[in-house]
Amino acid sequence: GGGVDGAIHAAAGPQLLAACRPLGGCPTGEAKITAGYRLPARFVIHTVGPIWHGGAQGEARLLRACYQNSLRLAVENGVKTVAFPAISCGVYGYPKNDACQIAVSSIHDFLQTNTGLEKIYLVCFSEEMLQIYQNLLRQK
């Protein structure tokens with residue numbers, strides 16, 4: 001793929017693709033984990049965000065599940081630091097403000113009942129995304 005997925009695969013090397021093949025894909029909202037290979041990370045948690053179809057097809061529930069399932073896998077595997085791109089905000093067309101709100105609230109809710117994670121990064125690839133996240137985090 002392109003975008004963040006393509007960048008991760010390019011940086012991790014061909015071993016990542018080989019590790020993904022036996023996983024049988026990843027349904028929207030679910031998460032799976034592999035080694036990080038050539039990345040400066042022990043693991044890659046793979047999740048597939050929803051494509052935006054106007055909001056009436058369960059997109060919010062599926063996007064929330066991406067974050068919660070990814071965080072659950074991180075804790076189960078002893079991960080202390082997680083970095084998330086803005087899931088579904090690129091070619092999948094999810095409205096950025098709505099997607100960022102779901103990301104922040106999903107992470108906040110998860111942390112209310114789960115411990116073990118030390119740092120969670122929300123990775124921004126544009127000034128616009130940075131501003132959205134900063135505004136949302138000021139409200140928490």
Side-chain angles (χ1 to χ4, degrees):
V4 173
D5 181 59
I8 290 169
H9 276 269
Q15 301 96 328
L16 182 60
L17 181 58
C20 288
R21 284 192 180 111
L23 296 178
C26 186
T28 303
E30 295 297 316
K32 297 186 179 185
I33 193 167
T34 64
Y37 299 99
R38 293 190 324 214
L39 292 169
R42 280 190 306 149
F43 300 106
V44 173
I45 298 174
H46 308 264
T47 191
V48 179
I51 297 171
W52 180 253
H53 293 288
Q57 295 185 17
E59 294 98 329
R61 176 186 53 78
L62 290 167
L63 185 56
R64 182 175 184 78
C66 288
Y67 288 98
Q68 299 228 312
N69 287 325
S70 296
L71 292 166
R72 178 188 49 77
L73 265 182
V75 169
E76 288 173 0
N77 286 276
V79 173
K80 299 295 181 194
T81 302
V82 177
F84 285 108
I87 300 170
S88 287
C89 290
V91 296
Y92 283 15
Y94 211 107
K96 291 175 178 71
N97 285 313
D98 294 345
C100 292
Q101 176 62 51
I102 290 169
V104 169
S105 66
S106 298
I107 292 166
H108 180 266
D109 292 350
F110 185 87
L111 293 175
Q112 298 305 303
T113 57
N114 293 275
T115 59
L117 292 169
E118 295 174 3
K119 293 181 185 178
I120 299 174
Y121 291 96
L122 298 168
V123 180
C124 302
F125 294 98
S126 71
E127 185 67 29
E128 176 188 17
M129 293 304 291
L130 176 62
Q131 293 301 315
I132 293 169
Y133 275 127
Q134 285 178 333
N135 291 336
L136 288 168
L137 292 169
R138 278 189 210 105
Q139 298 170 17
K140 285 286 177 196

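Keep in mind it's a predicted model, so treat the numbers as computed, not measured.
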Worksheet item: Is any side-chain heavy atom of Leu73 closer than 4.5 Å to a side-chain heavy atom of Phe43?
Response: no

Discussion item. Using every non-hydrogen atom in the two residues, find where Val104 and Tyr133 come nearest and quote the distance to one decimal.
Written reply: CG2-CD2, 3.9 Å

Worksheet item: Can you name the closest pair of heavy atoms from Lys32 and Gly25 and give their distance?
Response: NZ-O, 2.6 Å

Worksheet item: What's the spacing between Ile120 CD1 and His108 NE2 if we round to 0.5 Å?
Response: 11.0 Å

Practice prompt. Determine, using the 4.5 Å side-chain heavy-atom cutoff (strictly less than), whether Val44 and Val123 are members of one ILVMFWY cluster.
Written response: yes

Worksheet entry | Heavy-atom side-chain contact between Leu71 and Leu111 under 4.5 Å | no

Worksheet item: How many angstroms lie between atom OG1 of Thr47 and atom CD of Glu30, to the nearest 0.5 angstrom?
Response: 8.0 Å

Discussion item. Quick check: do Ser88 and Trp52 have side-chain heavy atoms less than 4.5 Å from each other?
Written reply: no

Worksheet item: Taking all atoms of both residues into account, what is the closest heavy-atom pair of Tyr94 and Pro50, and its distance?
Response: CE1-CG, 4.0 Å

Worksheet item: If every non-hydrogen atom of Gly36 is compared with every non-hydrogen atom of Ala12, which pair is closest and at what distance?
Response: O-CB, 3.7 Å

Discussion item. Just to verify, what does Thr34 make a side chain to side chain donor-acceptor pair (under 3.5 Å) with, not counting sequence neighbours?
Written reply: His46

Item to complete: Treating Ile, Leu, Val, Met, Phe, Trp and Tyr as nodes and any side-chain heavy-atom pair under 4.5 angstrom as an edge, say whether Ile102 and Ile45 lie in one connected cluster.
Response: yes

Worksheet, complete the sentence: Rounded to the nearest 0.5 Å, the CD atom of Gln134 sits from the SG atom of Cys124 at a distance of 7.5 Å

Practice prompt. Would you please name every residue forming a side chain to side chain donor-acceptor pair (under 3.5 Å) with Asn135, sequence neighbours left out?
Written response: Arg138

Item to complete: First locate atom CD1 of Ile8, then atom CZ of Arg38, and finally report the distance between them rounded to the nearest 0.5 Å.
Response: 14.0 Å

Item to complete: Starting from Tyr92, walk the hydrophobic network (Ile, Leu, Val, Met, Phe, Trp, Tyr; side-chain heavy atoms closer than 4.5 Å) and list everyone else you reach, by chain and number.
Response: Val48, Ile51, Val91

Response to the item:
Contacts of Arg72 meeting salt bridge (Lys or Arg N to Asp or Glu O under 4.0 Å) (sequence neighbours excluded), chain-then-number -> Glu76

Fill in: Between CZ on residue Phe125 and SG on residue Cys89, distance to nearest 0.5 Å
11.5 Å

Discussion item. With a 3.5 Å distance limit and no angle check, can you tell me whether Asn97 reaches the backbone of Ile132 through a side-chain donor-acceptor pair?
Written reply: no

Residues 56-67, side-chain donor-acceptor partners within the protein, below 3.5 Å, at least two apart:
residue: Glu59; atom: OE1; partner: Gly55; partner atom: N; Å: 3.4
residue: Glu59; atom: OE1; partner: Ala56; partner atom: N; Å: 3.3
residue: Glu59; atom: OE1; partner: Gln57; partner atom: N; Å: 2.9
residue: Glu59; atom: OE2; partner: His53; partner atom: N; Å: 2.8
residue: Glu59; atom: OE2; partner: Gly55; partner atom: N; Å: 3.2
residue: Arg64; atom: NH1; partner: Ser106; partner atom: OG; Å: 3.2
residue: Arg64; atom: NH2; partner: Asp109; partner atom: OD2; Å: 2.4
residue: Tyr67; atom: OH; partner: Ile87; partner atom: N; Å: 3.4

Worksheet entry | Spacing of Cys26 atom SG and Ile33 atom CD1 [to the nearest 0.5 Å] | 11.5 Å

Fill in: Partner set under side chain to side chain donor-acceptor pair (under 3.5 Å) for Glu127, not counting sequence neighbours
Gln131

Practice prompt. Check whether any side-chain heavy atom of Ile107 sits under 4.5 Å from a side-chain heavy atom of Val82, and report yes or no.
Written response: no

